[in-house]
Amino acid sequence: MNYKKAISLILTVLMLVGMASIFAVGSAASAAPEIRVGTAEADPGDEISLNVDFLNNPGINSYTLSIVYDTSRLELIGAAPNQSLGGQFAFAKKAVWLASNDIDYSGTFLTLAFRVLDNAPEGEAQVGVRYNAGDICNRNEDDVDFALVDGCVTVNGAAHQAGTIRVGSASGKPGETVTVNVDFLDNPGFNTFALSIDYDAERLSLVDAAVNPDVGGQFAFSRKAVWLASADTDFCGTFLTLTFTILPDAPEGDAFVSVSYNPGDICNYNEQDVDFEIEAGAVTVEADEEFTGPKWSVDNYDFIISNAVLKNGSYINAMRIAPGVYTTSNEIRNAPGMVTVNEALCRSYTDADGKLTYNFINAGTYSIWIRYKKPDGSTVAFILGGEGQNIADYPSVVLDTFTPKLGAVNGITFTVDNIWLDSSKGLKDFFLARGHWDTYSDCKSSANMIVRILASNVDTADYNYKRSYKYEMSYKNVSEDGKYTIWFRTNDGRGWAEQFTIEYPQPEVLVNGLQATVTDLLGESFSIKTIRVAPGEWADASAVKKAPGVRVFTVKDVLKNKSEYTVQFRNDGKYTFSIEYQGGYTKVVTIQITHLAPTVTVNADNTVTLDDLDQLYIIRYAPNPKNSTDWSQGYFKQAAGNRYAKTANLVDGKFTTEVLPEVQYVKDGQTLTSNIWSFMVQYNEESFNIITVNFNTGTVTTIKP
């Protein structure tokens, strides 16, 4: 395409069609061409201007610039070219300039006008310009690259109210470990803190301090808890978690826990102090209970002793495990198949909370001898399964024949737990079927069955069981209603069904003029992977993927951490979305895009009423004596006698003009009269319309779109 023709087309059409912003930033170099945005200082509510200077300019005859700025602090209200440079200029979504010859002027090319928002927070509001390849060129249509230097508006006067740091509470017995949350409430915003941890050292020992991973930033803990981020956060909730050990000889009662800081220890990005009120917490030390022996339980194939390490320092240093029921320690020692667990193994099976977990390979009944070693070197033993200390409290350990069951369901992935591969009683196979069924024949039916999993598919090299087996369904096999049944069979002839339902995400595509928003992208079991949208109506995801003009949005870029996403369109028509989640579940939705348009009424009193103006951005209107159809958004601003209206000018959602016919206006020094007016109506979601009203004939004509 001829580039000059493209620039001409931009001047007449670009302001009517919002373009997707893909920013290209030039590389800065010494004495290289540079576009530099100025700086300013202002208070909320002020209107200010920033110059956009072109430096070391080798010569250009056109540019197209996007304006980027901090919308939380600023509103862009206008852009004006340097009139002394000549050329043609238009501005709406982008600033566009075209001259007939190359201009090598270095200095101000463009001036941007901003209004500082009334509620703008204190700090620096970044302002810059961006361009794509081909957006700045010379008369020979060669690209001219400029390095980009952003400017800023420093906003004054933001108030910093005091927040609250609330330290939580916990309770426990001597020797136990407890956690205490430190919550930041009514947070006015900060990017760093350094907190001292204060506590009752006669009852507590501080073990660790950890920052909430959701708040990000960098964290270090030594004498103080120190956190730093690259920007202010107004996060409210648990910021820190403190871990304490209650000392073994701690007396009963409340042990205080608090934090403190000095001036300058909590501040925002602008290095201003941020104040917090401190509310202290406490750890309630409860009376320790006397040790009477091991507390144990069986969970699946796991034999668990919850108090393998005692608060007084005693711990399990040996176990003997024998299949069968035996009455004395000697019988256990000499029993066939007896296994000895020495001190090193006991320690390896014991976690940081003092819980020992021993994993059995086979089901059955077992007798167990357990020995604790005390801090003074003496020992005490207990027998589970026969005569001995407190035998009434320590019966034999029985591991019954285990029954496979449905485990966790995550998205379209599920697990089967409690698997036992015993050749006489263990798992034989299971069937996965669509729908909820109660019989083997329904589950095995070719119309319903998705897959059959044999016991051999879940076996391992080292054991004759596997704690769980994970299976991920293909999205092509999922059921529309999310209903499934697993039919289990064991080698001893048992069979039964477990029904479950997967709650699929229910994304909707909500249409708003030239925008469509896809919802429900994040969930507990599903999260978005890819959104594709193509012009036309397509039956399935594969067709959308291959369709001409398909657009792709992925979780690797724009969809990351998004619960919904809005797609901008330029043309009316049907479009099909393919919404694919992690794990393959996909939904296809077809929508109709129709730009927003006003209703126009010519009234008897020679006024014009515009209705259907929800989401109005601006109305511009101007005399059009020749009934021209060659209008663009930018030209409305420059037209002689032009006027505009915004939402503040609406009454009951409608806009009615003043009396328009026979309006005189001045153009090129001459006073002219017009009975024909043209209106440009633009909406926030980028729909626009150009309409002509002829008061001589009372006709209304839509020019664009």
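Being a predicted model, the structure only gives us computed values, none of them experimental.
- With hydrogens and angles left out, the side-chain atoms of Ser542 and Asp540 include no donor and acceptor closer than 3.5 Å.
- No side-chain donor from either of Asp572 and Thr594 sits under 3.5 Å from a side-chain acceptor of the other.
- Looking at Arg139, its side chain never comes within 3.5 Å of a backbone N or O of Asn61 through a donor-acceptor pair.
- Under a 3.5 Å cut-off, the side chain of Asn57 and the backbone N or O of Ile103 do form a donor-acceptor pair.
- Shown here for Arg73 and Ala125, the closest heavy-atom pair between the two residues is CD-CB, 3.7 Å.
- In this structure, the separation between OG1 on Thr647 and CD on Gln615 is 12.0 Å, given to the nearest 0.5 Å.
- Checking Asn571 against His595 by side-chain atom types alone, no donor-acceptor pair falls below 3.5 Å.
- Between the side chains of Ser678 and Thr692, at least one donor-acceptor pair of N or O atoms lies under 3.5 Å.
- For the 3.5 Å distance criterion, the side chains of Ser687 and Glu685 qualify, holding a donor opposite an acceptor.
- Side-chain N or O atoms of Asp520 include none that pairs as donor or acceptor with a backbone N or O of Pro505 at under 3.5 Å.
- Taking the six-membered ring for Trp and the full ring otherwise, the centers of Tyr69 and Phe114 sit less than 6.0 Å from each other.
- Checked against a 6.0 Å centroid threshold, the rings of Trp227 and Phe219 do not count as neighbours.
- Under a 3.5 Å cut-off, the side chain of Asn694 and the backbone N or O of Ile676 do not form any donor-acceptor pair.
- At least one side-chain heavy atom of Tyr105 sits less than 4.5 Å from a side-chain heavy atom of Asn82.
- Tyr644 and Phe636 have their aromatic ring centers separated by at least 6.0 angstrom.
- The shortest side-chain heavy-atom distance between Val153 and Leu74 falls under the 4.5 Å cut-off.
- Proximity of the aromatic rings of Tyr617 and Tyr683 is defined here by a centroid distance below 6.0 angstrom, and this criterion is not met.
- Between Tyr585 and Tyr504, the ring centre distance stays below 6.0 Å.
- In summary, the aromatic rings of Phe190 and Phe239 are positioned with their centroids under 6.0 Å apart.
- A side-chain donor-acceptor contact under 3.5 Å links Asp53 and Thr108.
- A salt bridge between Arg130 and Asp150 is present, with a side-chain N of the basic residue lying under 4.0 Å from a carboxylate O of the acidic one.
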Test salt bridge (charged side-chain N to carboxylate O under 4.0 Å, His left out) on Lys93 and Glu686 and set out the steps. CA-CA 9 Å; Lys93 293 290 181 182; Glu686 300 189 10; 3.7 Å; yes
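- Leu521 places a side-chain heavy atom less than 4.5 Å from the side chain of Val518.
- A distance-only check finds no donor-acceptor pair linking the side chain of Thr519 to the backbone of Pro507 [under 3.5 Å].
- When all heavy atoms of Gly123 and Asn270 are compared, the pair lying nearest together is CA-ND2, 3.1 Å.
- Side-chain atoms of Asp43 never come within 3.5 Å of backbone atoms of Asp46 as a donor-acceptor pair (strictly under, hydrogens ignored).
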Under the side-chain hydrogen bond (donor to acceptor under 3.5 Å, both in side chains) rule, what do Glu122 and Asn268 come out as? Steps first, then yes or no, please. CA-CA 10 Å; Glu122 184 176 358; Asn268 60 24; 5.9 Å; no
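- The main-chain N or O of Phe89 is found under 3.5 Å from a side-chain atom of Gln638 such that the two form a donor-acceptor pair.
- Within the 4.5 Å cutoff, no side-chain heavy atoms of Asn642 are placed close to those of Tyr621.
- Between atom CD1 of residue Ile528 and atom CG of residue Leu522 there is a gap of 8.5 Å, rounded to the nearest 0.5 Å.
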Under the side-chain contact (heavy atoms from CB on, under 4.5 Å) rule, what do Phe553 and Val567 come out as? Steps first, then yes or no, please. CA-CA 9 Å; Phe553 310 92; Val567 179; 3.9 Å; yes
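- Of the possible donor and acceptor atoms, one in the side chain of Asp232 sits under 3.5 Å from a partner among the backbone N and O of Tyr269.
- Of the possible polar contacts, none joining the Arg551 side chain to the Ala534 backbone as a donor-acceptor pair under 3.5 Å is found.
- In the model, Thr590 has a side-chain atom that pairs as donor or acceptor with a side-chain atom of Thr576 under 3.5 Å.
- Taking the side chain as every heavy atom from C-beta outward, Ile591 and Tyr575 approach each other to under 4.5 Å.
- A donor-acceptor pair under 3.5 Å links the side-chain atoms of Asp273 to the main chain of Gly264, judged by distance alone.
- Under the 3.5 Å distance criterion, with hydrogens and angles disregarded, a donor-acceptor pair is assigned to the side chains of Glu41 and Asn156.
- Using a 4.5 Å heavy-atom cutoff, the side chains of Leu112 and Leu110 are in contact.
- Residues Phe146 and Phe54 bring their aromatic ring centres within 6.0 Å.
- Checking Thr111 against Asn51 by side-chain atom types alone, a donor-acceptor pair falls below 3.5 Å.
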